[in-house]
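To start, the structure itself, in structure tokens.
Here is the naming used below: chain letters follow the sequence lines, and residue numbers restart at 1 for every chain.
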Amino acid sequence: MKKYNPRKIEKEVQKKWEENKAYFHRDQKDKPKYYVLDMFPYPSGDGLHMGHTESYTASDIIYRYKRLRGFDVLHPQGFDSFGLPAENYAVKTGIHPKETTKKNTENYIRQMKMLGLGHDLDHLIYTSDSSYYKWTQWLFGKFFENGLVERKTDKINWCPSCNTGIANEQVENGKCERCKTEIEQKEVPGWFFKITDFAEDLINDLDKVDWPEATKKNQINWIGKSEGAKISFRIKKSSQTDADLTQTNTEERETLNDEISVFTTRPDTLFGATYLVLAPEHPLIEKLKLEIKNWSEVKKYIERAKNKTEMERLESKEKTGVKLEGLVAINPAIAKMLSQSQTDAEQIQKDVKKNILRGSALSPRESAVSSEAEIPIFVADYVLGGYGTGAIMAVPAHDERDFEFAKKYDLPIRYVTKYRIKYVVDSKFKIDAQEKINNFFDWVLKHTHPNKTKIISRTSTVLEFESHDYFGYKKNLSAKRIINFHSISKNVLINSGQFDGMNSEEAKKAITEFVGGEMTTNYRLRDWSISRQRYWGCPIPIVYSPEGEAKFVGEENLPWLLPEDVDFKPTGTAPLAKSKELKERTEKIFGKGWTPEVDTMDTFVDSSWYFLRYPDPENEKEFCSPEKLKRWLPVDLYIGGAEHTYMHLLYARFFVKAMYKMGLVSFNEPFLKLRHQGMVLDKNGMKMSKSKGNVVNPDDMVKQFGADATRMYMMFAGPLEEDVMWKEEGVKGVYNFLQKVWKIFQEKNLIDCREGKSFEIDKKLPFILHKTIKGVTEDIEELKFNTAISKLMIFINTASRIVSQPQTDVEQTQKDAERIQSGVGKNILRGSASSPRSSATLLKVMENFLILLSPFAPHLSQYLWEQLGKKDFILDQKWPQYDSKFIQEETTELVIQVNGKVRDKIKVPADISEKEAKEKALASEKIKKYTEGKEIKKTIFVPGRLINLVV
RNA sequence: GGGGAUGUGGUGAAAUUGGUAGACACGCUAGUCUUAGGAACUAGUGCUUCGGCGUGUGGGUUCGAGUCCCACCAUCCCCACCA
């Protein structure tokens, strides 16, 4: 018998596929469409890694399955071929990125063929090809015309090593996600996509798509919506001397025109705002420097904050800041209260004085300041320049960070809300735990503010008290198991004049209105900065008039080619600035004095729409024809790594939403269903990395085990979304399986059949086949490839026996039947399965099995298919349907439980009635042991499955 | 600090969604065989003091819990001074 020789088989089959263009995609309009998409690779010098192998295999299985199910399936591939590595390589070696990219993509294509991936390689996309980036530029033009991309000078994240700006999403822990260099903030003019315009839709529309929940949540988190208010604080010059401070006539002091606008989610605590804090980057600081008495100190602090690396910021958790001497802000709520009524004003002054709490004793100086609406202003780096307005109102009583800062700088703390909390000990909790309960109550009280907590009642099982919503006691609220219930009354305002007694939620709006503020929604998401001062990217199709006005180069000038006459070396100014050709081209077309934009686009722009190009990759008139867009999009299934949650997946969604708004597409979510593959780890569960030298690559694995085994192992090792540990011992399992498949097809009996000899087959073979069809089909639909494969294994294990010894060993056959896969249970076969006992049936069974196997092991199944005398491709067959009449069981094993414990199992007809089942159960010797002399109080019967006797 | 995920044999993992825990594999143990191979085949393989006990731990709901509820522990990932 010939041995299973994957290398030989796979080469032969691949050659045949290629010669016949088996994966060439032609629209078949009579069939329903299915679009299964891979995340296209960046063609690096290392070739495909195992992560690609896994996710591409998964999508390839779906592709083959859907094709067999009669769908017209689009399964395209391409290359995200612009990007830094090729450029850096060019800097090092002088080889043009074009060359590197070509070489690398060729290697990728070779590997994809080697793995037997059924991509349509005749319609590949390269984002660095001008026939593609022409449309990237065209889209940019559309965005430009519609005001969805704008040029502004803003602080951007600058990577000093890559010498380019990068997007917020590309910063990891303050470092460049690519080269791990500390990111600096730099003011650079650049282009920004207005992704923030779509923040709300980007959150809400996640409801419409079938994506992993974790991915959705992460995106929502990243967008970071928070509702609150913008409130303005007027600024005044403050007196400088202690003597002045005693004359607290605020009206006499000069009010400045500038105001400080803050964003807060807790406008209800405005009366408790006892100081303001500006981020070091806040523009007002520079603007008011003449008014700031301690300017040199402030300036020093700002400089230091700027130069602080992320590491330093993380290390020193302690908050720092500097007070802006010479300036004060006016708490608008208190000010308005004071001006409203003299009596009120007196009252509030009294209240204020009475309710000031602080880390240490009040100094006369602060006492004077804090008893007014005037509050000091600080600059501190715990406030971020990039979030909200870059300024906060600090409410130390109700915010942990503000509290910490206030304590350090000895600032007033004013409580303006309170909670009522009640703990009730669970009645089931026995009284002997009284000590525990006491300890717990003490613990709770210890963690509240002793002088701000009022105990309302305390008994042995109830503790009720009032406190402020200061964070302390919130931690570990239910730390001890003995408490089963606690209630928190609504947060209610105090020390807030006319708002006292109002609940916190209502007060947010009321107080905001009261001071003329505005309820707003704030997002963490920033606009997408896409300008890159690098060479190997898509040129931004913009030119500037002599007056400096930006103009889109126009559709007729597309593609706006990437110039070739440049030096790649990154210097911080864009390489394109050195291109003579680009400059001449610009002047030639637009006139003297016109200059080209010299930045290139972030490569994520290229990948934000590539899936729209696939249905119509050769179209020279449109990025994709409307008919093809309508037929193929949105994408039905997208498989790829979870690491793209914040960047690619967010950007692509934004692009489609913007295009929808512009009327370019008729859908607003690109990917209906998304699944991630897990990571491929080494045998010890470690990440693979070059530096650790534990990288496994597809070439070696295919050489060693063949493509089919490599593919199958990745799928068999566990669920798709979980990590796979690459253990070579593990590959053996699927290799053995493939060998068994090979062997069964070399059996004499099967060969005889093929040659037309009639032959009695065991009637259970069709039964198992139909079970397998059902199981494998359901599993593939749910992307549960690991269990689908196990079902194929079960089929082969049983079938090998039958095929190798068809006439004999009835007992063994019976045993096999009992071992049939889990879904079937240990059922006895239906005798009535109408299997004509002929060679035709055996062949049919085995043919069907090959079709089931083919998505997983396309080479072997095709090879054996031909061995059965077929001339065509297994790809073009029909996926088998199971017939439920073959699956129905006549008898079943009934589990008998006594008090919920399994005590016996008996074989009974599948449709046994409860009454009969009970009789049979009680007749069992094993059961009698447990029921003897006892009354059966209750019987639970699950038809066909189990009976539970309660005694 | 916030968010998320995961805990099941020696190992990777199954479990029709509340109904026989450990399918299918790897590994291991014994045996058979010989074109000595990456063999193949057969039997066995959760623990056990043979009463039982077993899905990270402790409670709860239920006739019945890996699955549902509460709390805790551990590991991993992501975000992180986001007002």
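In this structure, A:Lys217 atom NZ and B:rC79 atom P are separated by 18 Å, rounded to whole Å. Distance A:Tyr735 OH to B:rA25 C1': 17 Å, rounded to the nearest Å. Per the geometry, NZ belonging to A:Lys771 stands 19 Å off P belonging to B:rA23, to the nearest Å. In this structure, CD of A:Glu778 is placed 16 Å from C1' of B:rA14, rounded to the nearest angstrom. A:Lys732 has its NZ atom 13 Å from the P atom of B:rA25, to the nearest Å. At whole-Å resolution of the value, CG in A:Asn221 and P in B:rC79 are 11 Å apart.
OP1 or OP2 of B:rA83 sits under 4.0 Å from a side-chain N or O of A:Ser226. Considering only side-chain N and O atoms, A:Tyr387 lies under 4.0 angstrom from the phosphate OP1 or OP2 of B:rA83. At B:rU16, none of the side-chain N or O atoms of A:Lys774 fall inside 4.0 Å of OP1 or OP2 (strictly under the cut-off). OP1 or OP2 of B:rC79 has not a single side-chain nitrogen or oxygen of A:Arg524 nearer than 4.0 Å. For A:Asn797 and B:rA25, the shortest distance from a side-chain N or O to OP1 or OP2 is below 4.0 Å.
When the nucleotides B:rA83, B:rU20, B:rU42 are ranked by their closest atom to the side chain of A:Val895, B:rU20 comes out on top. Relative to the side chain of A:Arg801, the nucleotides B:rC24, B:rA43, B:rA83 differ in distance, and B:rA43 lies closest.
Residue A:Asn736 is in sugar-phosphate contact alone, with no base atom involved, counting any heavy-atom pair closer than 4.0 Å across all strands shown. Counting any heavy atom pair closer than 4.0 Å across all strands shown, A:Gln704 reaches a base atom. A:Val902 comes within 4.0 angstrom of the backbone, heavy atoms only, and of no base.
Relative orientation of the A:His648 and A:His644 rings is perpendicular, given thresholds of 30° and 60° on the angle between their planes.
One N or O donor and one acceptor, one from the side chain of A:Lys319 and one from the base of B:rC81, sit under 3.5 Å apart. Side-chain N/O atoms of A:Glu213 and base N/O atoms of B:rG4 include no donor-acceptor pair closer than 3.5 Å.
If you look at A:Phe737 and A:Phe716, their ring centroids are not closer than 6.0 Å.
Applying the Watson-Crick and G-U wobble criteria (two distances, each under 3.5 Å), B:rC33 pairs with nothing in any strand.
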| request: Using the ring-ring contact (aromatic ring centres under 6.0 Å, His included) rule, take A:Phe405 and A:Tyr275 through it: C-alpha gap first, then chi angles, then the decisive distance, then the call. | output: CA-CA 10 Å; A:Phe405 191 81; A:Tyr275 59 97; 5.6 Å; yes
